[in-house]
Amino acid sequence: MKYILLTTLFFCSTLAHANFPEFFGASATTSSIGGQGNFDQEDPSNNYYFPALLGFSDKVNFTAGANSTATEFEPIKNVVTQNSTNSSSATEVYSNVNTDYLKYYNFNLHMALPIGREHLGTLGVSVFGPIGHLIEGDSGHPQSPEYVMYRARYKRTSAYVNFSKALNNAWAMSVGAYIGFQASANANLNLGLNGTQYGTSGRVKSKVDPSLAGLFSLAYKTDWSTWGLQYQQEMKSNLSAEASGELSNPVNLPFVSKVDSMLFYDPHTIRAGYMQRISIVDMVFSVDYQMWSNYKPSKIIITKVSGTVEGSRDYEKLNIRDVIVPKIGLRTYLTNRWRLDLGFSYRQSPLDSDFSGSGNSIDTDTFNYATGINYIIKIDGHDLEINNAIVYQDLKKKTVTKTSGLETGANGLKIGSPGYTIDGSVLSATVGLKMNF
């Protein structure tokens, strides 16, 4: 009956996972230098990294792109997937765990629009989302080892809006918001089993409310260098639902249960960056400090309020840490029309664990390598820039050996025993166009 309940409410769980540009870059022109701002005041994809830069330009700037991302993780074979903590089986059941996650297609759209004839400021808008649909959600398998940062974390529509203003020729600032969602639902079910004279019926009410996280940035520029600083507030998107009803046959068994999940989480982030132009080369550096202390995996947790439906037993204890993400990039202007980009970044995992204890959430640090080619053509006196980027993420190999004993501490083998290897790679390719008026 628990799984009937989950099926009824799962449509709410597809509302939110985390943002795509955090992992793979906001556009082809930023992905290609390690997933960081490129400090071009006429590139509106900087609206994600350092939106204050857009205040220096009085042009209408537009960028659009499409991305394909594929994961390839080490197979997890012949591990315990069932024991007495998640099934009625008295002995452990061994099987393989699926690590073949589906390929993902994403779009990005960025606009920078000057406001007023006297250029009172610039409105920057950035939108990211799956191609072909709005949301692609998956809370993950509740018992099997799960790459929690890759299953569905970034497969959602997200939006950033900023107002930028140049204070003088050297300084600019911006304020804005990142738009998220909070979902709630209430379901009343009458569940009939085989043998009843009537079918299952029910009523579901749901509500989705927007939520906002604040954004603030500063930019400072000289003729040959630019500095940027940004703060992004923490954002949580939660699902909270209550289900009640009764199971009939042969007697009425009423139940009231509560369903909760943090389906998406973006940490407090402080981002600092610097660009130095040396002849035909732009050297770009940035570092993100991300505060993950309030992170939770997006799994579904069911709490028994009353009645016959048992609640979830969550044995996982995660060690969460704040992380530092350094990035470096080079932009080389080969000719007036051609540019070559190179980039590298190192991303720490916020899960600070050897994963030997109870739980199924897994992640590891990544080495990220990027490159891209950009070409400019003239159309009606305007520059149209054709961009592409390839990002290769190499997961740091980690061997997991589960400790003895069940999750409850009794004799037996934990889920995931005897162990497995965390390893693999992610390949992300982006194409885009950039134009200004």
Side-chain angles (χ1 to χ4, degrees), residues 21 24-51 53-68 106-114 122 124-126 128 164 169 172 219 221-228 273-286 327-345 368-392 427-437:
F24 304 110
S27 66
T29 57
T30 58
S31 297
S32 59
I33 56 171
Q36 59 180 324
N38 57 37
F39 292 93
D40 180 354
Q41 67 189 40
E42 294 179 353
D43 186 341
S45 62
N46 283 303
N47 184 59
Y48 175 75
Y49 299 101
F50 302 110
L53 291 168
L54 306 183
F56 289 124
S57 175
D58 60 359
K59 296 181 179 180
V60 175
N61 296 297
F62 173 83
T63 296
N67 171 278
S68 174
N106 186 81
F107 76 88
N108 65 79
L109 176 65
H110 310 271
M111 294 179 290
L113 308 173
T122 299
V125 179
S126 297
F128 307 89
S164 308
N169 291 334
K221 71 171 186 173
T222 67
D223 291 339
W224 294 96
S225 65
T226 308
W227 295 82
Y274 172 71
M275 185 276 290
Q276 176 69 52
R277 176 161 293 181
I278 304 174
S279 184
I280 62 170
V281 177
D282 288 348
M283 300 180 65
V284 186
F285 308 90
S286 67
K327 306 173 184 181
I328 182 172
L330 295 176
R331 311 181 87 199
T332 304
Y333 297 85
L334 304 175
T335 69
N336 290 335
R337 295 186 180 274
W338 289 94
R339 188 182 72 243
L340 172 67
D341 294 348
L342 296 170
F344 171 80
S345 67
N368 309 304
Y369 308 90
T371 188
I373 292 286
N374 306 272
Y375 180 66
I376 297 175
I377 60 176
K378 289 282 187 181
I379 297 180
D380 251 356
H382 299 284
D383 288 342
L384 175 64
E385 190 171 315
I386 302 172
N387 318 114
N388 68 77
I390 295 177
V391 177
Y392 178 78
L427 185 64
S428 177
T430 305
V431 294
L433 296 174
K434 181 169 79 74
M435 195 169 189
N436 56 57
F437 306 91

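Keep in mind the model is a prediction, meaning the values are calculated, not measured. In this chain, numbering begins with 1 at the start of the sequence shown.
A donor atom on one side chain and an acceptor atom on the other are found under 3.5 Å apart for Asn46 and Asn38. A donor-acceptor contact closer than 3.5 angstrom is absent between the side chains of Asn108 and Asn67.
Remark: side-chain polar atoms of Ser68 are not paired, donor with acceptor, to backbone N or O of Ala429 under 3.5 angstrom. Under the 3.5 Å distance criterion, the side-chain polar atoms of Thr371 are matched with a main-chain donor or acceptor of Asp341. With hydrogens and angles disregarded, no donor-acceptor distance shorter than 3.5 Å links the side chain of Tyr48 to the backbone of Ser27. The backbone N or O of Trp224 sits less than 3.5 Å from a side-chain atom of Gln276, completing a donor-acceptor pair.
Test Lys434, Met435, Lys378 against Leu384 for side chain to side chain contact (heavy atoms under 4.5 Å, CB included) and you get one pass: Met435.
Residues Val60 and Leu113 have side chains in contact (heavy-atom distance under 4.5 Å, counting atoms from C-beta outward). Side-chain contact between Phe62 and Leu109 is present, with heavy atoms from C-beta onward closer than 4.5 Å. A heavy-atom distance below 4.5 Å is not found between the side chains of Met111 and Pro44. Here the side chains of Thr29 and Glu385 are in contact, with some heavy-atom distance below 4.5 Å. Looking at Phe128 and His110, their side chains come closer than 4.5 Å, going by heavy atoms from C-beta outward. Looking at heavy atoms from C-beta onward, Thr226 lies in side-chain contact with Leu53 at the 4.5 angstrom threshold. Put simply, the side chain of Gln41 reaches to within 4.5 Å of the side chain of Lys221, judged on heavy atoms. Residues Ile373 and Leu340 have side chains in contact (heavy-atom distance under 4.5 Å, counting atoms from C-beta outward).
Between Pro51 and Ser164, the shortest heavy-atom distance links the atoms O-OG, 2.6 Å. Between Gln36 and Phe285, the shortest heavy-atom contact is OE1-C, 3.4 Å. Closest approach of Ala370 and Gly34 over heavy atoms only: CB-N, 3.9 Å. Closest approach of Ser45 to Ala26, counting heavy atoms only: O-CB, 4.0 Å. Taking all atoms of both residues into account, the shortest heavy-atom contact from Ser31 to Val391 is O-CG2, 3.7 Å. Contact detail for Gly37 and Thr30: the closest heavy-atom pair is CA-CG2, 4.5 Å.
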Checking side chain to side chain contact (heavy atoms under 4.5 Å, CB included) for the pair Arg277/Phe39: CA distance, chi angles, key distance, verdict?
CA-CA 11 Å; Arg277 176 161 293 181; Phe39 292 93; over 6 Å; no
Working note: Leu433 + Ile386, criterion side chain to side chain contact (heavy atoms under 4.5 Å, CB included); need CA distance, chi angles, decisive distance, verdict.
CA-CA 5 Å; Leu433 296 174; Ile386 302 172; 3.8 Å; yes
